[in-house]
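Heads up: the structure comes next, in structure tokens.
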Amino acid sequence: MIEQILTDKVMEAVKSLYQLDATAAQVQLQNTRKEFDGDITLVVFPFTRASRKSPETTAAEIGEFLKTNTAEVGDFNVIKGFLNLSIKKDYWLSFLSGNCNADRFGFLEKDAEQPIIVEYSSPNTNKPLHLGHIRNNLLGFSLSRILQAAGKNVVKVNLVNDRGIHICKSMLAWERWGNGETPESSGLKGDHLVGKYYVIFDKQYKEQIAALVSEGYNAEDAAKKAPLIVEAQQILQKWEAGDEETISLWKKMNGWVYEGFAVTYKTLGIEFDKTYYESQTYLLGKELVEKGVQQGVYSRREDGSVWIDLSAEGLDEKLLLRSDGTSVYMTQDMGTAMQRYEEFSPEQLIYVVGNEQEYHFNVLKVVLKHLGCAWAGSIYHLSYGMVELPAGKMKSREGTVVDADDLMQEMFDTSEAMARELGKIETFDDTEAHKLYRTIGLGALKYFILKVDPKKNMLFNPAESVDFNGNTGPFIQYTYARIKSVLRKADEAGFGVSAVDLNSVELLPQEKDLIRKVHDFPAVVLLAAEMHSPAVIANYAFELASEYNRFYHELTILKEDNMASRGLRLCLSQFTAKVIANSLWLLGIEVPERM
RNA sequence: GGCCUCAUAGUUCAACGGAUAGAACGGAAGUUUCCUAAACUUUAAAUAUAGGUUCGAUUCCUAUUGAGGCUACCA
């Protein structure tokens with residue numbers, strides 16, 4: 001890539017001109033702004049100290065050096081401290097003809113055996129997935145693909161929270177009010193059925209609390225004393241004691257939930273390499289805590305509970321083991337992290353978890369560090385913000401959550417209505433049309449969520465997301481489909497996508513811009529991987545599609561009578577289509593061959 | 001109270017410390033009915049406030065204001 005060549009040359013230039021050993025980071029290259037001449041701009045301010053000359057002079061000297069010593073640099077101009085370099089047409093054209101048939105353009109071959117573990121999804125088994133989980137799942141899955149494309153060996157893991165008081169609540173409510181209802185008998189998806197009883201529990205529980213409060217209890221005591229919660233806790237104790245009946249009900253209901261989740265995951269198009277269950281990991285970590293106590297880095301109180309004082313790190317005191325010797329969330333996470341370290345010795349351990357747990361992960365890292373685990377530094381919490389709706393905030397207790405299955409169905413319906421209205425599906429048979437709705441609806445949903453910087457809270461507007469215009473998934477998919485259509489027509493007309501004849505072809509400024517855009521793709525993938533952000537890819541994909549749309553049309557391509565020029569345009573179209581498809585693949589979005 | 005994150009056009013989003021802060025949707029004005037398209041062109045419109053750091057700040061630091069989150073022997 002040209003950036004690498006220039007970086008090396010610039011370092012050579014400042015060495016030769018000013019005896020400065022510059023680092024690659026000091027060489028700041030950026031795309032030249034449209035209003036100036038040139039393709040790539042070097043910011044020369046970092047070198048003025050060594051040159052002891054004005055920015056303009058320094059830039060001119062470096063520019064002269066590059067022009068004489070770099071084959072690719074055709075010319076240069078200087079504006080203030082910015083050195084604008086023009087890259088020769090030949091470079092762009094040979095890049096284009098050399099890569100336009102490479103299917104995996106922009107993707108690096110696997111360069112490391114040491115894996116990166118990405119944990120995401122991690123659902124509770126007491127209720128169906130909702131919009132917040134969708135952001136989690138999309139981020140985790142997309143990030144995994146981006147890291148893969150950047151040459152990493154990625155292991156996608158899911159840690160299912162299948163035990164605890166929450167599932168006991170559903171179990172209790174089902175036993176009491178369920179009348180043996182099953183997914184088959186009710187026609188409900190398993191996870192929805194179990195979620196229904198979780199809601200019933202919550203409602204009844206609230207009523208009990210209210211009753212107790214009216215009898216004079218304060219709210220806190222009432223919440224602890226309500227018979228339902230006491231019973232649920234008894235069920236949890238029975239579960240921990242291995243009571244057969246309890247375990248059997250637990251297995252049955254979790255089984256329903258897994259069937260339901262499998263459907264949701266499949267529809268959403270995400271998958272895992274490995275699934276862990278907390279029922280099998282929740283005891284891990286205790287021996288780590290004991291070890292810490294012996295080493296004197298954690299302290300045991302009189303009541304037997306174990307704590308760590310992190311006030312030196314700006315955090316609080318944190319409980320690691322309860323007085324009755326049972327573990328807490330932190331204990332488990334210490335254990336599972338250690339387990340993964342031992343199993344994979346990963347380069348990085350990424351947790352895709354909402355930002356409300358930032359504190360938890362900060363503590364986790366510090367606690368492990370105190371224990372002497374140097375690898376604690378490889379833990380990365382990909383923290384993401386909440387998803388809000390135009391209607392307002394989602395609160396699971398107030399029933400304003402958006403269910404994942406319902407939302408996806410709504411997206412499919414909307415995309416169908418949209419496609420019908422635009423008359424897009426007249427030539428499609430039912431199966432094709434059905435598939436198209438799903439591709440578009442899902443593309444809209446995924447793109448809308450992934451285009452936003454993960455760390456920011458975001459607002460999800462379903463209607464806006466399926467728009468065929470604007471910064472949306474369907475717009476990009478549509479651009480892809482149109483390019484494919486042009487290529488088909490060209491093929492029918494016998495034009496073909498031939499190699500570009502470098503000597504005779506003229507390159508319009510817009511065409512060069514488009515080539516540059518495509519040329520940037522590999523760098524964009526690396527940046528996205530480094531920043532752990534699919535949003536980088538999403539925004540790039542939109543820019544590329546816009547760039548193509550702004551200038552290229554079927555008419556300009558097919559009605560061009562200059563053979564070389566038409567060949568160039570077809571070649572560039574094909575290349576653009578591939579890069580769009582690759583970008584969308586990184587986001588987990590499918591491309592339709594026609595729409 | 002303490003800690004963390006965020007704050008950019010009317011709205012939803014961009015901008016490794018770099019040039020005149022980009023788009024999209026929606027406004028306004030105009031040209032069109034030719035491509036798989038109500039499209040195209042033009043236009044108005046924003047860095048919460050006050051300081052600081054430096055060649056240069058939306059970006060880094062400090063304070064203030066506002067929004068959200070965390071601050072459980074829940075997970």
Legend entry - A/N84 side-chain proximity, nearest of B/A75, B/A19, B/A23: B/A19

Inset, instruction - Produce a footprint string for nucleotides 6-14 of chain B: one letter per nucleotide, 5' end first; B if the base is under 4.0 Å from any protein heavy atom, S if only the sugar-phosphate is, - if neither. - result: SS----SSS

Inset, instruction - Using a 4.0 Å heavy-atom cut-off across all strands, classify A/T41 as base, sugar-phosphate, or nothing. - result: base

Legend entry - Strand partner of B/G18, provided both Watson-Crick or wobble distances fall under 3.5 Å: B/C55

Legend entry - d(CG, A/N362; P, B/U71) in whole Å: 13 Å

Inset, instruction - Hey, could you give me each pair passing salt bridge (charged side-chain N to carboxylate O under 4.0 Å, His left out) that has a residue in residues 42-56 of chain A? Not counting sequence neighbours. - result: A/K53-A/E61

Legend entry - Separation of atom OH in A/Y329 from atom P in B/C74, rounded to whole Å: 15 Å

Inset, instruction - Scan A/F36 against the nucleic acid and name what it touches under 4.0 Å (heavy atoms): base, sugar-phosphate only, or nothing. - result: base

Give every pair of a protein N or O atom and an N or O atom of nucleotides 39-41 of chain B that lie under 3.5 Å apart, one pair per line with the distance.
{"from": "B/A39", "atom 1": "OP1", "to": "A/N469", "atom 2": "ND2", "distance (Å)": "2.8"}

Legend entry - Rounded P spacing from B/A39 to B/C34 in Å: 15 Å

Inset, instruction - Remember a base hit wins even if backbone is also touched, and classify A/N549 as base, sugar-phosphate or nothing at under 4.0 Å, heavy atoms. - result: base

Inset, instruction - Using the C1' atoms only, state how far B/A9 lies from B/A46, rounded to an integer number of Å. - result: 4 Å

Legend entry - Length of the CG-C1' vector between A/L315 and B/U71, whole Å: 11 Å

Legend entry - Nucleotide B/G56, atom C1' - distance to CD1 of A/I79 in whole Å: 16 Å

Legend entry - Separation of B/C4 C1' from A/M386 CE (nearest whole Å): 15 Å

Legend entry - For atom CH2 of A/W307 and atom C1' of B/C73, their distance in whole Å: 7 Å

Inset, instruction - Measure from the side-chain N and O atoms of A/N539 to the backbone N and O of A/A535, and report whether any donor-acceptor pair falls under 3.5 Å. - result: yes

Inset, instruction - Would you mind reading off the distance between A/N31 atom CG and B/G18 atom P, rounded to a whole angstrom? - result: 14 Å

Inset, instruction - May I have the distance from A/R33 (atom CZ) to B/G18 (atom C1'), rounded to whole angstrom? - result: 9 Å

Inset, instruction - From the options B/C74, B/U71, B/U20, select the nucleotide whose nearest atom is closest to the side chain of A/D316. - result: B/U71

Inset, instruction - Would you please confirm or rule out a distance under 4.0 Å between OP1 or OP2 of B/C74 and any side-chain N or O of A/R322? - result: yes

Legend entry - Whole-Å P distance, B/U59 and B/A21: 14 Å

Inset, instruction - Mind checking A/K489 for me? I need base, sugar-phosphate or nothing, with any heavy atom below 4.0 Å counting as a touch. - result: sugar-phosphate

Inset, instruction - With heavy atoms under 4.0 Å as the rule, sort A/Y359 into base, sugar-phosphate or nothing. - result: sugar-phosphate

Inset, instruction - In whole angstrom, give me the gap between the P atoms of B/C61 and B/A67. - result: 23 Å

Inset, instruction - Identify whether any heavy atom of A/Q30 sits under 4.0 Å from a base atom; if not, whether one sits that close to sugar-phosphate; answer base, sugar-phosphate or nothing. - result: base

